[in-house]
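We count residues from 1, following the sequence as given.
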Amino acid sequence: MNDMKHAALADSAFSPAPVMTPREIVSELDRYIVGQKEAKRAVAIALRNRWRRQQVSEDLREEIVPKNIIMIGPTGVGKTEISRRLAKLAQAPFIKVEASKFTEVGYVGRDVESIIRDLTDLAVNMVKEEEKQKVEIKAREVAEERVLDLLLPSASADGESIDAARVQGTREKLKKMLREGKMDERFVEIEMSQSAMPMIEVLAPQGLEGMEFNLKEMFSNLMPKKTKKKTVKIPEALEILTQEEAARMVDMDKVVGEAVRRVEQTGIVFLDEIDKIAGRDNIHGPDVSRGGVQRDLLPIVEGCTVNTKYGMVKTDHVLFIASGAFHTAKPSDLIPEFQGRFPIRVELKSLTQEDLVRILTEPKNALLKQYAALLDTEGVCLSFRDDAVQEIARIATDVNERTENIGARRLHTILERLLDEISFSAPETRGKQVAIDAEYVRERLNPILKNEDLSRYIL
């Protein structure tokens with residue numbers, strides 16, 4: 001009975017943190033992404049369902065599978081950004097992969113199981129960093145003692161023992177000076193341990209991409225550890241020794257167990273360019289990068305056990321978010337079994353001129369704020385008037401309509417061209433205030449816009 005209680009408590013500890021309501025999740029996504037309310041609602045519900053699943057009885061918990069999502073919409077409207085921000089909110093292991101990079105088993109290309117292996121690697125690194133932060137204070141104290149050992153001799157020059165009380169008093173004085181930063185300019189020689197990675201090259205068959213690294217790791221464990229001496233300033237020595245001690249204090253078995261559990265319970269895989277593997281009726285001959293990839297992805301999405309270097313990882317409760325522009329293909333072109341594993345479909349709308357104005361100014365990481373911050377490092381105060389923002393958005397919309405519609409990514413191209421001269425001459429104009437208005441925008445960009453061929457290449 002007690003064992004069951006401990007198991008339930010352990011499971012509940014792995015609910016996504018922080019636990020946010022769907023409304024709070026959407027509100028947080030609004031700080032970075034403009035519009036696309038439907039997509040935000042869909043991912044917010046999916047994330048909240050993770051927490052809800054942890055609260056139900058254990059016998060039913062395993063039966064509840066995640067409701068995977070397909071985001072349909074043109075490039076540059078926020079599909080990837082929504083998933084990336086969602087993973088940050090959930091503090092969950094997250095990986096973005098492009099479906100077009102994978103091929104059917106038996107052909108040259110990446111094996112789909114490598115998605116889960118990479119996700120597990122990321123989770124192990126994530127948990128390891130968290131554990132190192134927990135022991136950082138203790139590791140710092142040990143590192144300080146090691147530095148003091150280097151600064152204080154254990155015996156006098158003539159071989160007689162030094163008075164213990166006097167040594168301790170001197171040590172305490174040095175420790176105080178160390179913490180107050182009075183010894184930051186002094187140098188010490190430290191010994192750093194290095195793992196010897198053997199120089200071997202393995203031609204692994206398809207599906208065993210991790211074999212080379214695993215063999216190198218195995219041989220490096222067999223070979224004796226090397227140490228090298230390095231002379232550094234005391235603050236750098238403290239940092240190096242703190243990291244070394246923290247790594248030594250971390251229980252890797254505990255880290256791996258927690259990482260595997262996080263992948264299984266809260267992992268998120270973002271499958272980009274899913275439309276590129278949708279089979280189309282007018283294509284004949286071998287289709288190794290389409291139907292075959294879907295058939296290989298199907299067991300992972302349905303739920304299977306993948307062999308990784310950290311042990312077996314189950315994918316039954318990993319959330320898959322797929323996205324694609326679906327210009328030439330339709331979601332119905334995917335094989336029926338694959339479609340069935342993505343029950344939630346949301347369409348992201350193309351961006352209007354008003355949306356582009358908001359993207360330039362509203363988000364926490366808005367483009368105009370980024371450029372202003374970059375030039376501020378040179379002492380140049382850059383500001384954009386309202387009419388300039390409207391003009392930039394109008395030009396971006398115009399170019400998207402006349403050429404290829406690449407959404408908000410067009411703004412990067414236009415702003416780089418617009419601020420080219422200011423960015424180049426910024427070091428010579430320190431202390432200058434630059435206000436961009438609509439006239440300046442037209443002056444810089446109209447010559448390119450008038451030349452249809454040139455605008456295709458430059459904007």
Side-chain angles (χ1 to χ4, degrees), residues 14 16 25 39 42-50 53 64-72 78-105 109-127 207 209-210 259-278 289 292-324 331 334-335 337-346:
F14 296 105
I25 294 166
V43 296
I45 293 167
L47 187 59
R48 184 66 179 183
N49 279 341
R50 286 286 179 84
R53 179 179 158 268
I64 300 172
V65 294
K67 309 301 181 286
N68 298 321
I69 302 165
I70 289 185
M71 293 186 190
I72 304 159
K79 301 189 293 293
T80 306
E81 189 66 9
I82 286 172
S83 299
R84 197 163 62 85
R85 295 290 171 188
L86 184 76
K88 278 193 176 181
L89 289 180
Q91 295 177 4
F94 170 80
I95 190 168
K96 174 185 179 289
V97 294
E98 293 178 7
S100 54
K101 285 188 178 176
F102 299 92
T103 60
E104 190 176 349
V105 169
R110 293 210 73 191
D111 172 20
V112 294
E113 287 191 352
S114 65
I115 297 170
I116 304 302
R117 285 193 282 269
D118 291 347
L119 185 64
T120 311
D121 284 339
L122 287 168
V124 168
N125 289 335
M126 180 192 291
V127 178
E209 294 93 341
V260 168
R261 191 139 43 160
R262 280 199 198 179
V263 169
E264 292 181 342
Q265 303 297 328
T266 66
I268 300 174
V269 174
F270 183 71
L271 284 168
D272 204 3
E273 295 186 359
I274 199 76
D275 53 321
K276 303 292 191 300
I277 63 166
S289 62
V293 180
Q294 290 181 61
R295 285 189 291 274
D296 287 350
L297 276 170
L298 192 57
I300 293 177
V301 179
E302 283 180 333
C304 67
T305 305
V306 176
N307 188 14
T308 73
K309 65 181 178 184
Y310 303 107
M312 307 303 276
V313 176
K314 292 172 71 178
T315 67
D316 300 61
H317 301 289
V318 173
L319 175 66
F320 288 85
I321 301 174
S323 84
L334 296 165
I335 60 174
E337 297 89 344
F338 198 74
Q339 288 181 54
R341 288 292 162 179
F342 288 85
I344 301 172
R345 315 257 173 99
V346 287

Shortest non-hydrogen contact from Gln339 toward Leu334: NE2-O, 2.7 Å
Approximate separation, where rounding is to 0.5 Å, of Ser323 OG and Ile72 CD1: 10.0 Å
Side-chain donor/acceptor of Thr266 to backbone N/O of Ala92, under 3.5 Å: no
Partners passing salt bridge (Lys or Arg N to Asp or Glu O under 4.0 Å) against Lys67 (at least two apart in sequence or in another chain): none
Heavy-atom check, side chain of Ile70 versus side chain of Ile344, under 4.5 Å: no
Gap between atom CZ of Phe94 and atom CG of Leu89 - 0.5 Å precision: 11.5 Å
Any donor-acceptor N/O pair, Arg341 side chain to Leu298 backbone, under 3.5 Å: no
Residues forming a side chain to side chain contact (heavy atoms under 4.5 Å, CB included) with Asn125, sequence neighbours excluded: none
Residue list, salt bridge (Lys or Arg N to Asp or Glu O under 4.0 Å) with Arg84, at least two apart or on another chain: Glu81
Side chain to side chain contact (heavy atoms under 4.5 Å, CB included), paired with Val112, selected from Val301, Val306, Leu297: Leu297
Shortest non-hydrogen contact between Phe320 and Asn68, atoms and distance: N-OD1, 2.9 Å
Smallest separation among heavy atoms of Met71 and Ile82, with atom names: CE-CG2, 3.8 Å
Min side-chain heavy-atom separation Phe270-Asp272 under 4.5 Å: yes
Atom pair CG/CD1 of Leu271 and Ile115 - distance to nearest 0.5 Å: 5.5 Å
side-chain contact (heavy atoms from CB on, under 4.5 Å) evaluation trace for Val269 with Ile321: CA-CA 6 Å; Val269 174; Ile321 301 174; over 6 Å; no
For Arg53, salt bridge (Lys or Arg N to Asp or Glu O under 4.0 Å) partners two or more places apart: Glu62
Min side-chain heavy-atom separation Tyr310-Val263 under 4.5 Å: no
Gap separating the CG atom of Asp121 from the NZ atom of Lys309, nearest 0.5 angstrom: 4.5 Å
Straight-line distance of Leu47 CG to Ile45 CD1, nearest 0.5 Å: 11.0 Å
Shortest non-hydrogen contact between Pro93 and Arg262, atoms and distance: CG-CB, 3.9 Å
Qualifying residue, where the test is side chain to side chain contact (heavy atoms under 4.5 Å, CB included) with Ile95 and the options are Leu119, Ile268, Ile116: Leu119
Partners meeting salt bridge (Lys or Arg N to Asp or Glu O under 4.0 Å) with Glu98 (sequence neighbours left out): none
Heavy-atom closest pair, residues Gly303 and Thr315: CA-OG1, 3.4 Å
Non-hydrogen atoms of Thr308 and Arg117 that approach each other most closely: CG2-CG, 3.7 Å
Within-4.5 Å side-chain heavy-atom neighbours: Asp316 and Glu264: no
Side chain to side chain contact (heavy atoms under 4.5 Å, CB included) partners for Ala44, two or more places apart: Pro22, Ile25, Val26
Gln294 side chain vs Ile277 backbone, donor-acceptor pair below 3.5 Å: yes
Check: Arg50 main-chain N/O paired with His317 side-chain donor or acceptor under 3.5 Å: no
Lys96 atom NZ, neighbour heavy-atom count above 12 within 6.0 Å: yes
